[in-house]
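What you see is a predicted model, and the numbers here were worked out from it, not measured in a lab.
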Amino acid sequence: MMNKLSIKAIILIAVSITLFTACQKEKYFFDSGTQKGTFNGSILAFLKSKPVYFDTLTRVIEIAGMNEVLDKENVTFFAPTSSAIYKSVKGLNLYLRQNGRDTVAKLEQIKPEAWRELLSQYIFKGTNKLKDYPQIDTLNMAAFPGQGYTARSGRTMNIGVLFNDAVSYEEGVEKSRVKYAGYRQLFIAYIPNYADPKVGLINAPVATSDVSPTNGVVHVLAQEGFYFDGQKNLWKSKHNFGFSTNLFINTVQAYGISPLTP
């Protein structure tokens, strides 16, 4: 007969196998960092396969008339989650309400041209993985500034990889630190002022990089959470679709808002 210790060992092994299998099934989300996962389908098909994260995004892609781009063309897509879109629309409605105007009840009220311009800031021609981007240090932009890349919208965006320090602790106290030797995280940033492109960047950290559908690469932007700044400080990130609520509002208003129809 098995003793209690043997039974516990068997149970522990069984639980470990179950957890490993579950992780394998969801290898794309949201481990933070580089993934080696491939997806047997287009970028659009990948997004549709993850409705918990991208149901609103796929609706916006359809309204914008960009299904073909993400289904057929070879591109790199920094994919914002549905929550990022929700936050920007919520901010838009707050602005409209404060100015005595009707709010947006349906995504279709926002013109396709506005959605297309905003989405195009996240799409880049060709296939680029984390290893293909230069280093960025948000605390030392003079040394490691990342690099400008032209998005489908025609706007230059800054993209770079943040090299965190490798830190070891002993009893809660930092014991050693090796600069730039730790975890690496991909960032995309909106450049507010081309005349001074290293200042005031609106950063969006990537939660999961290098997901590889058949027609390109997807880097999934962090929904809402924390990231390290390359040193020892923990910063909070709340990505809004369009990179900021104000930028989203300005773009939507530039194209106009359609009235609600039944």
Side-chain angles (χ1 to χ4, degrees), residues 24-51 53-55 57-58 60-62 64-82 84-85 115-137 144-164 183-191 197 201-223 227 237 239 241-243:
Q24 287 295 99
K25 288 179 180 177
E26 286 296 318
K27 62 185 176 181
Y28 306 109
F29 289 85
F30 268 109
D31 249 348
S32 264
T34 305
Q35 298 295 319
K36 297 188 185 208
T38 57
F39 180 80
N40 188 24
S42 67
I43 292 173
L44 183 61
F46 169 73
L47 299 174
K48 288 182 175 180
S49 76
K50 301 290 181 181
Y53 301 103
F54 302 122
D55 58 345
L57 175 62
T58 54
V60 166
I61 291 169
E62 184 172 358
M66 298 185 72
N67 279 350
E68 192 79 5
V69 174
L70 295 171
D71 196 43
K72 303 293 183 185
E73 295 186 23
N74 179 241
V75 297
T76 297
F77 184 35
F78 286 79
T81 59
S82 295
I85 299 172
W115 287 124
R116 190 154 47 246
E117 180 176 320
L118 291 161
L119 274 171
S120 295
Q121 294 179 1
Y122 298 87
I123 301 173
F124 299 81
K125 186 176 180 180
T127 299
N128 288 291
K129 296 187 175 183
L130 182 146
K131 66 179 178 60
D132 300 314
Y133 293 108
Q135 184 176 354
I136 189 170
D137 185 341
F144 300 106
Q147 186 175 319
Y149 294 83
T150 303
R152 187 181 183 87
S153 65
R155 186 172 185 88
T156 300
M157 312 293 284
N158 184 284
I159 304 176
V161 180
L162 192 72
F163 287 44
N164 290 284
Y183 164 67
R184 297 182 183 185
Q185 185 173 22
L186 186 59
F187 276 70
I188 180 173
Y190 181 93
I191 305 172
L201 299 181
I202 304 174
N203 289 300
V206 168
T208 303
S209 61
D210 293 5
V211 180
S212 300
T214 54
N215 65 317
V217 173
V218 177
H219 304 298
V220 182
L221 297 181
Q223 295 188 88
Y227 68 92
S237 167
H239 180 66
F241 184 66
F243 289 87

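Nearest heavy atom pair, residue Asn74 against residue Thr127, reads ND2-OG1, 3.0 Å. Taking each heavy atom of Thr76 and Gly126 in turn, the nearest pair found is OG1-O, 2.7 Å. Nearest heavy-atom pair, Gly146 versus Pro134, reported as atom, atom and distance to 0.1 Å: C-CG, 3.8 Å. Heavy-atom minimum distance, Leu201 versus Ala189: CB-CB, 4.0 Å. Listed here is the closest heavy atom pair of Ser49 and Phe39: OG-CE1, 3.7 Å.
Judged as a ring-ring contact (aromatic ring centres under 6.0 Å, His included), and not counting sequence neighbours, Phe77 has no contacts. With sequence neighbours left out, the salt bridge (charged side-chain N to carboxylate O under 4.0 Å, His left out) criterion links Glu73 to Arg152. Take Ala151 and apply the side-chain contact (heavy atoms from CB on, under 4.5 Å) test, not counting sequence neighbours, and it matches Phe124, Ser153, Met157. Listed by chain and number, the residues in a side-chain contact (heavy atoms from CB on, under 4.5 Å) with Leu118 are Phe241, Phe248, Thr251 (sequence neighbours excluded). Legend: residues meeting side-chain contact (heavy atoms from CB on, under 4.5 Å) with Asp55, ordered by chain and number and at least two apart, are Pro51, Ser82. A search for side chain to side chain donor-acceptor pair (under 3.5 Å) contacts involving Asp132 returns nothing, not counting sequence neighbours.
Asp210 contributes a side-chain N or O that, together with a main-chain N or O of Leu130, makes up a donor-acceptor pair within less than 3.5 Å. Checked by atom type and distance alone, the side chain of Asn158 never pairs as donor or acceptor with a backbone atom of Gly148 at under 3.5 Å. In this structure, Tyr122 contributes its side chain and Ile188 its backbone to no donor-acceptor pair below 3.5 Å. Not a single donor-acceptor pair under 3.5 Å links the side chain of Thr208 to the backbone N or O of Val220. Using a distance-only test at 3.5 Å, with no hydrogens or angles considered, no donor-acceptor pair links the side chain of Asn128 to the main chain of Tyr133. For the pair Arg116 (side chain) and Ala64 (backbone), a donor-acceptor distance under 3.5 Å is present. Proximity of a side-chain donor or acceptor of Thr150 to a complementary backbone N or O of Thr156 within less than 3.5 Å is not detected.
In this structure, the side chains of Thr58 and Glu62 stay at 4.5 Å or more apart for every pair of heavy atoms. Looking only at side-chain heavy atoms (C-beta outward), Ile123 and Met66 come within less than 4.5 Å of each other. Looking only at side-chain heavy atoms (C-beta outward), His239 and Leu221 come within less than 4.5 Å of each other. Between Val211 and Val217 the shortest side-chain heavy-atom distance does not fall below 4.5 Å. Taking 4.5 Å as the limit, some side-chain heavy atom of Phe46 sits within range of a side-chain heavy atom of Val218.
Here CG of Leu70 is found 6.5 Å from CG of Leu47. Values are rounded to the nearest 0.5 Å. Put simply, OG on Ser212 and CG on Asn40 are 12.5 Å apart, with the number rounded to the nearest 0.5 Å. Remark: Glu117 CD to Leu119 CG distance equals 10.5 Å, nearest 0.5 Å. To the nearest 0.5 angstrom, Asn164 atom CG is 7.0 Å from Gln185 atom CD. Interatomic distance, CD1 of Ile136 versus CG of Asn203, reported as 6.0 Å (0.5 Å rounding). Distance CG/Leu57 to CH2/Trp115: 9.5 Å, rounded to 0.5 Å.
For the pair Arg155 and Tyr149, the cation does not sit on the ring face, since its NZ or CZ is not both under 6.0 Å from the ring centre and inside 45° of the axis.
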Before giving the answer on side-chain contact (heavy atoms from CB on, under 4.5 Å), spell out for Thr81 and Phe54 the whole-Å C-alpha distance, their side-chain angles and the decisive distance to 0.1 Å.
CA-CA 5 Å; Thr81 59; Phe54 302 122; 4.1 Å; yes
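Side-chain N/O atoms of Asn215 and Ser42 include no donor and acceptor closer than 3.5 Å.
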